[in-house]
Participant: 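I'd like to ask some things about the structure below.
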Number of protein chains: 2
Amino acid sequence: MALVPIFAQLDPDERHEIAQRARQKKYGRNEQLYGAGEKNPYLMIVHRGWVKIYRLAESGREQLIRVLGPGDFIGEMSFISASETDHFAVTLEDSQICSLHHEDIRGFLLRYPTIAYKMLETVTGRLEQTERLVSSLTGEDAERRIASFLLELAARDGKDTVELPVSKKDLASYLGTTPETVSRRLTAFEGKGWIRQGAKGRIEILDREAMAGM
Amino acid sequence: MALVPIFAQLDPDERHEIAQRARQKKYGRNEQLYGAGEKNPYLMIVHRGWVKIYRLAESGREQLIRVLGPGDFIGEMSFISASETDHFAVTLEDSQICSLHHEDIRGFLLRYPTIAYKMLETVTGRLEQTERLVSSLTGEDAERRIASFLLELAARDGKDTVELPVSKKDLASYLGTTPETVSRRLTAFEGKGWIRQGAKGRIEILDREAMAGM
DNA sequence: CGACTCGTTGAGCAAGGTCAAAGTACGTGG
DNA sequence: CCACGTACTTTGACCTTGCTCAACGAGTCG
């Protein structure tokens, strides 16, 4: 509980109060938390595991929106608009999720401003990231988007070997392209000696400079 | 002041306190509020007029991010990250802008939870809209994006004649396409009898059904 | 062990980006 | 108030990116 960023600055008593209204639940791999068309009147916080959020286009195409890790939350949309969601939340691994009903959260937000402040920080950061994605979708070609994604992932983890958080199929949808193109570009990068592909979505970046400056 | 949504629920005394720390300024048309590389430690609220927010790609391409009208605000990014902005804010018309320094805003946010709550609502809504834009950029072709944009604009204003808030050049960058394509598609729509184009970016929608169902 | 999903590679094609040029609206300064 | 210059818009022609369809191989779950 103390590890959840939005509650980090509360004192133990206050955290206890919130914990009492929270509902913990364990999920298996590939289990759906909620789907489009349902109402999800809960703020859901990931304690353990990974959850992917995606939308389904009419064409049936899966559009990956975001991947949640420990400490991340989802469901802040609906306690604003209170309408049905238009996306899906599915676990990627065995996960543990903590849910708070909107009624409760609203009260906590008004009572403990640090929570609202932290949530505002998080949502703002998410907005910034999404706006950067928009920029790259409109301004860069597929090759550069893929390269940028790898570099960003490597920079965030501070490592040269990155592990794709999702399948290449999902990654392709996130980057606004197709699995075929992702596969082709990565093979091309490998041919130029920029990266080396391992098993299980593991990619070692050999030449940052070249990739960044292409 | 009472018209600014994020301060709407405060009582007059509280609003007065905030107004005392605010700085009003008038801007002419096409005047820059701030640019990329600068720090903008202010929450800027539009009182009157219109402001466009855009990013400049290395190619020199202008990427329109958002248009602010009365009651909208910008600058919530930097009081989180406190780093330099990577975008530009320029007035489209004569405008009146109210600025609050981040130091002050932070205090107000923690003191008056309704402000934080309202801002969270706004930013969440903005995030939702941006995520929908991402979906349309990755899932729909240029023609449908343009049609959807017109329909959405018409739906929001509840009118059949919409007025483009920005130039077609800027609109093209927002929709992830080029001015040429926007021009061509609109001409095609006109040819099919779906719309009629007037002067000054005025467009009359003649056949919603056909456009929505294409 | 079999069925299914995911990943890779190939070939063809179309959407739309690019370049070019002409026309139009608009703001500015004389 | 008019004339000029600048930026935006439109139209045309061409060409590239990357999407689509298809087939095959590989890994994975039940």
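Within every chain, numbering begins at 1; the chains are lettered A, B, ... in the order of the sequence lines, protein sequences first and strands thereafter.
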Participant: Can you identify which nucleotide, out of D:dG18, C:dA15, D:dT9, has its nearest atom closest to the B:S167 side chain?
Facilitator: D:dT9
Participant: May I ask you to verify whether the side chain of B:R184 and the base of D:dG12 hold a donor-acceptor pair under 3.5 Å?
Facilitator: yes
Participant: Is any side-chain N or O of B:R29 under 3.5 Å from a base N or O of C:dG27, one able to act as donor and the other as acceptor?
Facilitator: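 Flag unset: no donor-acceptor pair detected.
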Participant: Whole Å only: how far is the CD atom of B:E140 from the P atom of C:dG16?
Facilitator: 11 Å
Participant: Round to the nearest Å and state the distance from A:K169 atom NZ to C:dT8 atom P.
Facilitator: 14 Å
Participant: Can a side chain N or O of A:T177 be found less than 4.0 Å away from OP1 or OP2 on D:dC19?
Facilitator: yes
Participant: Should B:K168 be listed as having a side-chain N or O under 4.0 Å from OP1 or OP2 of D:dT10?
Facilitator: yes
Participant: Does D:dT10 have its OP1 or OP2 closer than 4.0 Å to a side-chain nitrogen or oxygen of B:T187?
Facilitator: no
Participant: Could you tell me whether B:E62 and B:K52 have a side-chain N and a carboxylate O separated by less than 4.0 Å?
Facilitator: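 Looking at B:K52 together with B:E62, the answer is yes, because their closest N to O distance falls below 4.0 Å.
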Participant: Is a donor-acceptor pair below 3.5 Å formed from side chain A:R145 to base D:dT17, judging by atom type as modelled?
Facilitator: no
Participant: Expressed as a whole number of angstroms, how long is the span from A:E31:CD to D:dC29:P?
Facilitator: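 So the two atoms are 16 Å apart, to the nearest Å.
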Participant: Do the side chain of B:E180 and the base of C:dC19 come within less than 3.5 angstrom through a donor-acceptor pair of N or O atoms?
Facilitator: yes
Participant: Nearest whole Å is fine: how far is C:dG16 C1' from B:D141 CG?
Facilitator: 10 Å
Participant: CG of A:L137 versus C1' of C:dG16: gap in Å, rounded?
Facilitator: 16 Å
Participant: Could you tell me the separation between the CG atom of A:L175 and the P atom of D:dT17, rounded to a whole number of Å?
Facilitator: 19 Å
Participant: In whole angstroms, how far is the C1' atom of D:dT6 from the CG atom of B:N30?
Facilitator: 13 Å
Participant: From D:dT20, D:dA13, D:dG18, pick the nucleotide closest to the side chain of A:A142?
Facilitator: D:dG18
Participant: So does B:K25 pair up with B:E31, basic N to acidic O under 4.0 Å?
Facilitator: no
Participant: Mind checking whether B:F88 and B:Y54 have parallel, tilted or perpendicular rings, split at 30° and 60°?
Facilitator: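 Aromatic pair B:F88/B:Y54 classed parallel.
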Participant: Regarding C:dT18, can its base be found pairing with the side chain of B:R61 as donor and acceptor, where the two atoms are less than 3.5 Å apart?
Facilitator: no
Participant: To the nearest angstrom, how far is A:E62 atom CD from C:dG7 atom P?
Facilitator: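 That distance rounds to 12 Å.
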Participant: For A:H102 and A:G75, indicate whether the former's side chain and the latter's backbone hold a donor-acceptor pair under 3.5 Å.
Facilitator: yes
Participant: Between A:R48 and A:D94, does any NZ, NE, NH1 or NH2 come within less than 4.0 Å of an OD or OE carboxylate oxygen?
Facilitator: no
Participant: Under 4.0 Å between a side-chain N/O of B:T178 and OP1 or OP2 of C:dG17, yes or no?
Facilitator: yes
